[in-house]
Every structure is written in structure tokens, then in C-alpha cells.
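Presented below is the structure to which this report refers.
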Amino acid sequence: MAEKYIIVTGGVLSGIGKGVVSASIGRLLKELGLKVNSLKIDPYLNVDAGTMNPNQHGEVFVTEDGYEADLDLGHYERFLGIEMKSFNNMTAGQVYKYVIEKEREGKYLGATVQMVPHVTERIKERIEEIDTEVLLIEIGGTVGDIEGEIFLEAVRELSFEKGRENFMFIHVTFVPYLHVTNEFKTKPTQQSIQLLRRIGIQPDMLLVRTEKEIDLSSLEKVALFGGVPLEYVVNLPDLANVYEVPQMLYEKNIHVLISSKLNLEISKEVGELSWKCPKTFKNLKIAMICKYLGTDDAYKSIMESVFLSGTKRPDLINSEELEEMNEEEIRILLSKYEGIIIPGGFGSRGIEGKIKAIKYARENNVPLLGICLGMQLMVIEYARNVFDYKEANSTEFDENTPYPVIDLMEEQKKMLNLGGTMRLGAQKIEIFPNTKLHKIYGEKNSVLERHRHRYEVNYKEFENMFEKGKNVPNKLSISAMTDFVEAIELNSHPFYIGIQYHPEFKTKVGDPHPIFKAFIEAIEKNK
Ligand code: GLN
């Protein structure tokens, strides 16, 4: 159970940075000595984000406990610096599934099961599962969405049960600027506040997102229509770097306004925020060879891991385009880049293009980081071009390959029969001494890293391709293992590392995952 609740809702448009603003509020309060946790509510009917298309919805973020979450949980993990768990995300799908299953089990004792009180009761139970001083609850979507309404009703009820003095409603809204008439337009914001009021929620604070600094008279209008004191109406203009938002909130005194509304004691009043967020960015040219090009969000955690290591974000290159190219064309395209990342993925689209990029990076000493599918493709490329296993493949892409160097292991086949699908979440990995990876991890012999995949390196059948913990010419060196191969490397290359797990999910602001730091150092050294 939490002592104080901050509910963040959004108005007018989605995509105005409500997640970043909420995570930044959390960070600011944490900086001031409060214990903060978060709950992201997603009003969609999916039970989790595992099956959602990254092009539409952004990456699937995997938590330490193996939950497949919305990418917003990644913001919270990076901003708050704490590990998110499955209880930090609630979807409408989970709530309805629970209520319907409970009804089927006869546990409602003959009652007519209804949205209010049964669904709202479950929502409140989920909220109350989180123990912390301040709980930030971000409700996804915008006020007025049909599927979000029941969550608003639940938090409204809870605010009365817990005492309105323990609740703060913050509405993040957008005020567009009309270039033709040279003015800000507050009408959509007024209307979204009215929608909130109609369900019985009076916002305590309005965070007004704009393209550029707004004029005072527009803010006064919003305050008047919103019934919110002017000092609680705060303008947040666009910032190029999202990690500067907590500082901006601090400068605008948001923490003072929140603590006076909620009666919070803040231990630290003044000074700079303590987090070490890079302010300048190296202009290294990194290419990410991938298949989702619609939005950076599809590879959010990788992009942010590079950025938080102090380097501008990688360029996305279409792996399908590479499929059609010959070696010379690949060389012309990729020679502009100083480092290459091959991210995770599922399905065969574009994999031959990625394999070509891997060959180019291996042969031309370009630093290469392969993550999950990326690592599997590094093994396939090596089998085909160094071991002459010409048709080597993963059975994910070619069930009949004569050289299944990536395959489902017996244990997994059993798991699949039982309806289990993937290896998910954190597992303890052994790192072999005298490898590059061991050095990268500061000589740690074991680490916890997060997984999300089905297929594994077929080490048993292709042992001859590998050397465990040792670097031997013309073999891939295995640098980490569980029961399965977890990482490979080539010592003779400036940086040729493939990992079966996802280091990008463990980056925090001020503490990017060491593999990204090492990758970037290798690129600089190689220049
Ligand atoms: N498709 C591969 C597998 O299932 C890799 C998954 C991934 O990259 N996350 O093993």
C-alpha cells in the first residue's frame, strides 16, 4: 500500500510525453529523498505487450521477473533507477481476465458481476499491492477514451476512500500553437478538463505541453477554465533531451507544489539533481541493421542505452534493403559507419541482409554488437563463411537446414509442448575469465541478465566451431554460459561480441550497461 498517490492522466493527444513527464516527476521526488514507485496502467485488452507489433507500439520491454511490458516501464526503470516488476504494469486485459475467471470459479457467490464494483474493486486491489511512500500511477491513453474510463472511475473511488489529501491528480495536456494566426489555442485543453470533471475528477495540477514557451494570458485562461490555481498550471515546452525534464520540473518548482498539496516532507530543498545524465554527445556513426523503421521506439532501450553512454543515437538501416545488395554495395553503404549493432528480432524478414552486414563487420574490423537474434546470426555467418557450412541456419528460418547451428533444445521442445513459449527474464550467467566480456563486466564471474527468446546455439552438435573461454584462431570463443551458450566473441577483432540476452533493458540514467560503454570505447579506439 502507498501513503500518497499521484495520478497522471493525459489530455488532447497521445504522444505528448506523458510517460516521460511522469517518470521525471518520480525521479525528482526520489532525488528529494522520497521512496517512489510507479504503476503504468494500459487500458488495452492485451494481457501483456508480448504479442504487440513493435512498429505500432514500440519495443517490448522485459522485466527482471520475465514480464513482457509496454516500453513505458523502460522509462520508469531508467528514470527511477529501480527494477520494474510485473506488478508495475496493469492492463485492462489482466483485470477482465481475473474478474471473469473468478466469476467462473463461482467466487462472486451468485452476485451479478459488474464494472462497478467488481472490476473497479480488482483495479483498486492491484493498486494497493504496491508498497511505497509515493505511488505514481500513469493512466495510458487520453481522457475520453472508452477503455480508460473504468480506471479513472477506480482511482476516483480510491481517492475518496484514502482521503483526497493523499491524492493528487495531475493532468498533462497539450496546447497547440497556430502559426497562421500566431496564437496558442487552449480550447482542446479546456475540453479535456471538462471530460475529467464529468467523471468526477477535479485536477489539482495542469502540466501544459507546448512546442515553445507559452504566454501568460493563455495559462491564465487554462487556469480559469480548469478551476486550478494559476501557480498549479505549469508550462512544459519541448526539450530536445528528455533526460533534462526532471531538472526543468525542479526549476519550475513542481516538487514544492506537489509536496505542499500532498503534505510531503522533502529532505533536500536546493541544489543540482544528483543523477549523471550526459549533456554532450559524441558524434560516432553507429548503424543499427533492423526491420522496424517506422519509429525509434521499436528499439527504444538500445537507442537510450547508446544515448545514455554519451553518444548520439544510431541510424536505423533497413535490413531488407541489404538483402538485395552485393558485397561492394554493402561496403559502400556501411563504410560510412564506425560501429554496427544487430538487434533482437523474430521471423525471417531481413535476416540475410543482417548476415551480410555481419560478414562485412567481421572481415573489415568494424566493431559489432549482436544482441539475441543478432548473436544467433553471427553464429550462422561464421558457420557459413568460416566453416564452409554453406546452408547453415537457425531452424526458426529453415527447418530443414543441414547445419542447424541455432536450434530448439530438447528442454525447450518439451516446454513448447506444454504451452510454454519463451525463455523470459533474468537468469544467472557464468562469465569465463580471460575473455573480453569478463573485463567488460569488471571481472565479475557471474551476472544476472534478461532473456526473451526461444532458440539457442546448438553447441552440442557444433562444438567444433567453438572454444569455451579461450581464444583460438578461426573459432568463435564462448565467453559466457548458463546451460546454454550466452555470449560469443573474437579476440582478434576490435569488438566482435554477440550476446544471447538483452543488456539494453538494464541501462539506467547515469549507469548505462557496461556492454554499451565498452562498445562505444572500442569504436573510439578503432577510429
Ligand atoms: N527469434 C530468436 C529466438 O526466438 C531471437 C529472439 C530475440 O532476438 N529476442 O530465439
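Start at 1 and go down the list; that is how both ligands and their atoms are numbered. Treat the numbers as computed from the prediction; the structure is a model and nothing was measured.
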* Under 6.0 Å from the six-membered ring centre of Tyr98 and within 45° of its axis: does the NZ or CZ of Arg122 meet both? ->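 Yes, cation above the ring, under 6.0 Å and within 45°.
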
* Distance under 6.0 Å and angle within 45° of the ring axis: does Arg313 meet both against Phe307? ->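 Because its charged atom sits under 6.0 Å from the ring centre and within 45° of the axis, Arg313 does stack over Phe307.
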
* For Gly344, the ligand 1 atoms whose distance to one of its heavy atoms is below 4.0 Å ->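 Counting atoms of ligand 1 from 1, those under 4.0 Å from Gly344 are 8 (O).
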
* Quick one: which ligand 1 atoms are inside 4.0 Å of a heavy atom on Leu373? ->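 Going through ligand 1 atom by atom, the ones under 4.0 Å from Leu373 are 5 (C), 7 (C), 8 (O).
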
* Take the angle between the ring planes of Tyr243 and Phe79 and call it parallel below 30°, perpendicular above 60°, tilted in between. =>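 Taking Phe79 first and then Tyr243, their aromatic rings lie parallel (interplane angle under 30°).
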
* Under 30°, 30 to 60°, or over 60°: which ring-plane class applies to Tyr441 and His513, parallel, tilted or perpendicular? ->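 The rings of Tyr441 and His513 stand perpendicular, inter-plane angle above 60°.
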
* Going by distance alone, is a donor N or O of one side chain under 3.5 Å from an acceptor N or O of the other, for His438 and Asn445? ->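 Short answer, yes.
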
* Pair His75, Glu304: side-chain N/O donor-acceptor within cut-off below 3.5 Å ->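 Side chains of His75 and Glu304: no pair found under 3.5 Å.
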
For [atom], closest protein heavy-atom neighbour:
| atom | answer |
| --- | --- |
| atom 7 (C) of ligand 1 | Cys372 SG, 3.0 Å |
| atom 6 (C) of ligand 1 | Gly345 O, 3.4 Å |
| atom 10 (O) of ligand 1 | Tyr455 N, 2.8 Å |
| atom 3 (C) of ligand 1 | Arg454 N, 3.4 Å |

* Polar-atom distance check: Gly347 versus ligand 1, any N or O pair below 3.5 Å? ->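 Among all N and O atoms of Gly347, none is under 3.5 Å from an N or O of ligand 1.
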
* **Of the listed options Glu396, Arg452, His453, closest to atom 9 (N) of ligand 1 (non-hydrogen atoms)** =>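 That would be Arg452.
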
* Of the side chain and backbone of Gln376, name the one, both, or neither that has a heavy atom under 4.0 Å from an atom of ligand 1. =>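 Near ligand 1, Gln376 shows its side chain, while the N, CA, C and O stay back.
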
* Select one of side chain, backbone, both or neither to describe which atoms of His502 lie under 4.0 Å from any atom of ligand 1, heavy atoms only. =>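 Near ligand 1, His502 shows its side chain, while the N, CA, C and O stay back.
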
* Flag the pair Glu456 / Asp483 as yes when at least one side-chain heavy-atom distance between them is below 4.5 Å, and no otherwise. =>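 When only atoms from C-beta onward are counted, Asp483 and Glu456 do not touch, as no gap falls below 4.5 Å.
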
